Participant: 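The structure follows.
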There are 2 protein chains.
Amino acid sequence: MNSNTYQNTKELIATAGLKATHPRIAVLHELLTNEEHPTAEQVHTALQPNNPSVSLGSVYRILEKLVEVGLARPVASRNGLKRYDARTDSHSHIYAVNTEEIQDYYDEELNDLIKGYFDKKKISNFKITEVKLQINGEKADPDKKVTIV
Amino acid sequence: MNSNTYQNTKELIATAGLKATHPRIAVLHELLTNEEHPTAEQVHTALQPNNPSVSLGSVYRILEKLVEVGLARPVASRNGLKRYDARTDSHSHIYAVNTEEIQDYYDEELNDLIKGYFDKKKISNFKITEVKLQINGEKADPDKKVTIV
DNA sequence: ATTCTAAATAGGAATAATTCTTATTTACTG
DNA sequence: CAGTAAATAAGAATTATTCCTATTTAGAAT
Ligand SMILES: [Mn+2]
Ligand SMILES: [Mn+2]
Ligand SMILES: [Zn+2]
Ligand SMILES: [Zn+2]
């Protein structure tokens with residue numbers, strides 16, 4: 001789908017106008033690879049094996065910078081932890097309350113449905129940038145995957 | 001709309017099977033009154049004038065307890081702060097990125113639309129408890145209210 | 001109304017999460 | 001291959017939240 005090599009990630013960063021440092025490449029690469037909408041801490045942990053020199057403080061700082069330049073987005077979460085997403089297109093999230101997993105969800109039909117609705121309804125003094133769904137529920141078997149059928 | 005006296009709040013707590021202590025009544029009353037989906041700290045600050053004896057630690061503990069018994073709900077937020085809501089019915093949120101304000105949104109038509117959609121779509125290994133919208137955007141004039149027209 | 005008691009609280013200590021500071025390193029520029 | 005501004009590592013500091021425990025309190029039982 002998305003060719004996600006080191007080189008490719010490096011270019012994404014450079015194209016965004018940032019110095020393509022090794023810590024930045026490592027963090028963005030991890031975020032692009034990791035589907036779990038991780039916290040800074042989780043990204044840092046994931047980097048340990050191959051990039052043990054990247055500090056936790058840098059991961060925090062880099063994630064914020066990636067958001068700033070549009071290469072990542074903050075994910076709304078209800079437990080007081082900051083989580084991040086490398087998907088920057090508008091999409092929805094399936095949130096499993098029991099496992100705290102957040103999974104992407106996108107469907108064109110749903111998108112059109114909501115878009116159609118908000119073309120009619122008007123909210124004054126507010127400029128909508130995005131409408132997304134938060135699908136809350138419980139993962140039946142926590143060990144198995146959630147799949148859209 | 002919702003008669004929200006001290007006495008009424010007290011009954012809500014008692015009916016939920018909790019000891020109706022003064023700190024609990026004060027916290028829930030504030031949460032019912034405050035439309036801003038406040039943090040524990042904000043609730044505590046709001047209580048200062050009339051209930052200075054309620055400690056911050058208690059506010060944290062009480063809010064979690066209210067969630068536990070279904071008198072309050074956690075609100076998804078993207079800045080790493082826990083925010084709470086006394087509205088326990090399923091409703092959506094308008095989130096102003098610039099002011100970090102969260103405002104309720106509910107519309108029957110929208111509700112039906114989404115319900116209809118998810119009656120068809122099936123997600124396996126997942127039990128949906130609720131689908132809500134996160135309407136993100138910017139408040140044009142931060143000093144004025146956002147209104148649904 | 002008074003006593004009893006389990007549960008809840010205040011206050012402060014402890015921990016977890018995040019940001020800040022600064023000396024050193026590094027990626028780009030020429 | 002310098003030179004330089006920007007970024008980083010490491011650890012200190014701050015902020016957010018939870019935990020601990022002596023004291024208080026709401027409600028139940030006299
Ligand atoms: Mn936190
Ligand atoms: Mn936090
Ligand atoms: Zn996502
Ligand atoms: Zn709400």
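Only a predicted model underlies this, so the values are computations on that prediction, with no experimental measurement involved. Protein chains get the first letters and strands the later ones, always in sequence-line order, with residue 1 at the start of each.
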Participant: How many whole angstroms separate atom CZ of A:R61 from atom P of C:dT22?
Facilitator: 15 Å
Participant: Respond yes when some side-chain nitrogen or oxygen of A:S55 is under 4.0 Å from OP1 or OP2 of D:dG11, and no when none is.
Facilitator: no
Participant: Is any side-chain N or O of B:T21 closer than 4.0 Å to OP1 or OP2 of D:dA26?
Facilitator: no
Participant: 5'-most contact on DNA chain C: B:N79 or B:S58, nearest heavy atom basis?
Facilitator: B:S58
Participant: Within this structure, what is the CD1-to-P distance between A:I62 and C:dT26, rounded to whole angstrom?
Facilitator: 14 Å
Participant: Take B:N4 and B:T33, measure what side-chain hydrogen bond (donor to acceptor under 3.5 Å, both in side chains) needs, and give me the verdict at the end.
Facilitator: CA-CA 8 Å; B:N4 182 25; B:T33 307; 3.3 Å; yes
Participant: Respond yes when some side-chain nitrogen or oxygen of A:Y60 is under 4.0 Å from OP1 or OP2 of C:dT18, and no when none is.
Facilitator: yes
Participant: Regarding A:A20, tell me which of base, sugar-phosphate or nothing describes its non-hydrogen contacts under 4.0 Å with the strands shown.
Facilitator: sugar-phosphate
Participant: Whole-Å distance between C:dT26 C1' and A:I25 CD1?
Facilitator: 12 Å
Participant: Checking side-chain polar atoms at under 3.5 Å, does A:D107 have a donor or acceptor matched by the opposite partner on B:Y117?
Facilitator: yes
Participant: What is the distance, rounded to the nearest whole Å, between atom CD of B:Q42 and atom P of D:dA16?
Facilitator: 10 Å
Participant: Is a donor-acceptor pair below 3.5 Å formed from side chain A:K19 to base D:dA6, judging by atom type as modelled?
Facilitator: yes
Participant: Between D:dA16, C:dT18, D:dT8, which nucleotide has the shortest distance from any of its atoms to the side chain of A:L56?
Facilitator: C:dT18
Participant: Give the rounded distance in Å between these two atoms: CG of A:L28 and P of D:dT8.
Facilitator: 13 Å
Participant: Scan A:T9, A:L63, A:L66, A:L18 and name whichever one has a side-chain contact (heavy atoms from CB on, under 4.5 Å) with A:R24.
Facilitator: A:L18
Participant: Please state how far atom CD in B:E11 lies from atom C1' in D:dA26, giving the value in whole angstrom units.
Facilitator: 16 Å
Participant: What is the distance, to the nearest angstrom, from the NZ atom on A:K10 to the C1' atom on C:dA27?
Facilitator: 9 Å
Participant: Which part of the nucleic acid, if any, lies within reach of A:T39 when heavy atoms closer than 4.0 Å are counted: base, sugar-phosphate only, or nothing?
Facilitator: nothing
Participant: Can you check the B:K82 NZ to C:dT18 P distance for me, whole Å?
Facilitator: 12 Å
Participant: Using heavy-atom distances to pick each residue's nearest nucleotide on DNA chain D, tell me which of A:L18 and B:G57 is more 5'.
Facilitator: A:L18
Participant: Just checking B:E35: does its CD atom have more than 12 heavy atoms from other residues, nucleotides or ligands closer to it than 6.0 angstrom?
Facilitator: no
Participant: Under 4.0 angstrom, heavy atoms only, what part of the nucleic acid is A:R24 near: base, sugar-phosphate, or nothing?
Facilitator: sugar-phosphate
Participant: Using a cut-off of 6.0 Å, state whether more than 12 heavy atoms not belonging to A:E64 lie near its atom CD.
Facilitator: yes
